[in-house]
Amino acid sequence: MTITVLLFASYADALGRSALELSLPQGATVADAMAGLAGMPGSDRLPPSPLVAVNERWAARDQVLRAGDQVAIIPPVAGG
Amino acid sequence: MTITVLLFASYADALGRSALELSLPQGATVADAMAGLAGMPGSDRLPPSPLVAVNERWAARDQVLRAGDQVAIIPPVAGG
Amino acid sequence: MTRAALRDQPLDAGAMLAEVSSSTNGAAVLFVGTVRDISEGRAVTGIDYTAYEAMAVRELESIAAEAGARFGTEDLVVEHRLGTLGLGEASVVIACAHPHRAQAFEAARWVIEEIKRRVPIWKREHYVDGTREWVDPTRAGMEAGRS
Amino acid sequence: MTRAALRDQPLDAGAMLAEVSSSTNGAAVLFVGTVRDISEGRAVTGIDYTAYEAMAVRELESIAAEAGARFGTEDLVVEHRLGTLGLGEASVVIACAHPHRAQAFEAARWVIEEIKRRVPIWKREHYVDGTREWVDPTRAGMEAGRS
């Protein structure tokens with residue numbers, strides 16, 4: 001299945017883009033999606049366990065993904 | 001000596017006026033000034049120990065007065 | 001400089017907010033106390049505010065200066081309205097800015113509590129039945145209904 | 001109804017204060033966060049604010065609704081600015097009104113703390129030396145310098 005990864009702020013700078021697609025096996029989790037980024041240039045500048053949202057809601061690392069999910073990797077928030 | 005007593009809000013209503021003069025002996029205190037109001041019509045509607053200010057500053061009952069002092073009898077404040 | 005005033009005209013909260021704001025501050029807090037339509041369960045139509053004016057100004061100035069020293073800001077202004085106010089009109093406005101938000105909140109909160117504690121201002125509520133009464137916050141049961 | 005929004009134009013604190021004010025409320029509190037000229041001891045000339053917009057709006061709305069339920073008011077609005085802001089410009093405005101002042105203060109304070117905790121918004125500071133840096137509040141030493 002294919003999911004979309006969204007990157008923001010310093011993480012988008014690190015990987016040089018703000019979105020990408022990943023192919024993952026059925027049953028893959030948030031953690032698997034993170035592992036799927038591991039080989040990409042700049043991914044070493046992401047922390048080992050960043051905050052993640054799936055489809056605009058905060059998600060745990062063991063959340064199971066479905067085809068078409070939007071997985072957002074969230075840098076430390078700095079609003080206000 | 002002569003001092004001025006100022007009355008406000010419900011206390012002014014009680015005594016029917018907002019200022020009056022009192023003749024007091026030298027060395028008289030805030031408490032003596034209060035006692036000097038005792039016989040006046042409406043003075044029974046004042047509490048036994050109201051808040052008092054002398055010359056625009058909060059004052060204790062044993063503060064000694066001087067000629068010309070302004071003694072304000074202060075109802076419970078309700079600003080804000 | 002901190003600043004305080006009594007006014008017999010409507011208070012301008014926006015101007016007071018602008019007065020304290022600057023790029024040295026990261027946070028501004030504005031408090032506005034307004035005439036509420038209910039007091040102690042009675043329907044209110046308006047309020048007369050009266051003061052021992054010379055002393056009230058002195059106390060307001062002293063509260064503003066003390067708050068500035070206590071919370072570390074010069075950007076604090078407070079104004080209290082006098083006269084007859086209709087429903088929803090502002091009786092008191094406090095504007096405070098500070099480099100940091102915690103102190104801006106705490107200073108504004110401290111100022112309104114001190115005003116209610118020690119500034120010689122009184123209010124007479126007008127009720128729908130046409131009667132008027134001086135408010136005595138020391139009377140049992142009053143505190144719960146106040147803003 | 002509580003309300004939340006992201007804006008790419010200047011925030012209008014006065015309009016938001018008016019929006020929450022009514023004669024059923026005795027108190028209104030406005031919080032304004034602004035761009036400060038110093039961050040962690042470095043001179044700042046401006047800040048870019050960016051967000052995961054769909055999620056940020058959802059989180060802001062949820063915070064406003066939760067604050068309304070928690071503190072007992074429907075009169076709460078919050079707006080956050082996006083884009084490039086100059087010194088002194090407002091990045092966030094919270095307006096809250098309540099029958100009583102304690103809850104108005106507490107609701108506004110709670111909302112800004114929640115925004116800083118869980119709304120996906122980021123800021124990149126511009127420094128006088130021409131460099132720009134994303135702000136990471138989780139980095140040691142950052143917290144003391146923030147508004």
Closest approach of [X] to [Y] (non-hydrogen atoms, all atoms of both residues):
X: C/Val92; Y: B/Gly80; value: CG1-C, 3.6 Å
X: C/Arg117; Y: B/Val77; value: O-CG2, 3.6 Å
X: C/Arg124; Y: B/Asp13; value: NH1-OD2, 4.3 Å

Spatial distance of atom CZ (B/Phe8) from atom CH2 (C/Trp134) [nearest 0.5 Å]
11.0 Å
Distance (rounded to the nearest 0.5 Å) between B/Leu51 CG and C/Arg118 CZ
13.0 Å
Chain C shares the most heavy-atom pairs under 4.5 Å, among B/Ser18, B/Pro76, B/Ala53, with B/Pro76
Neighbour count >12 (heavy atoms, 6.0 Å) for atom CZ, B/Arg57
no
Report, by ascending residue number, the residues of residues 62-88 of chain C in heavy-atom contact with chain B at a distance under 4.5 Å; give 'none' if the set is empty.
C/His80
Mind checking which of residues 46-54 of chain C sit less than 4.5 Å from chain B, heavy atom to heavy atom?
C/Tyr49, C/Ala51, C/Tyr52, C/Ala54
Residue C/Glu59 versus chain B: region with a heavy atom under 4.5 Å
side chain
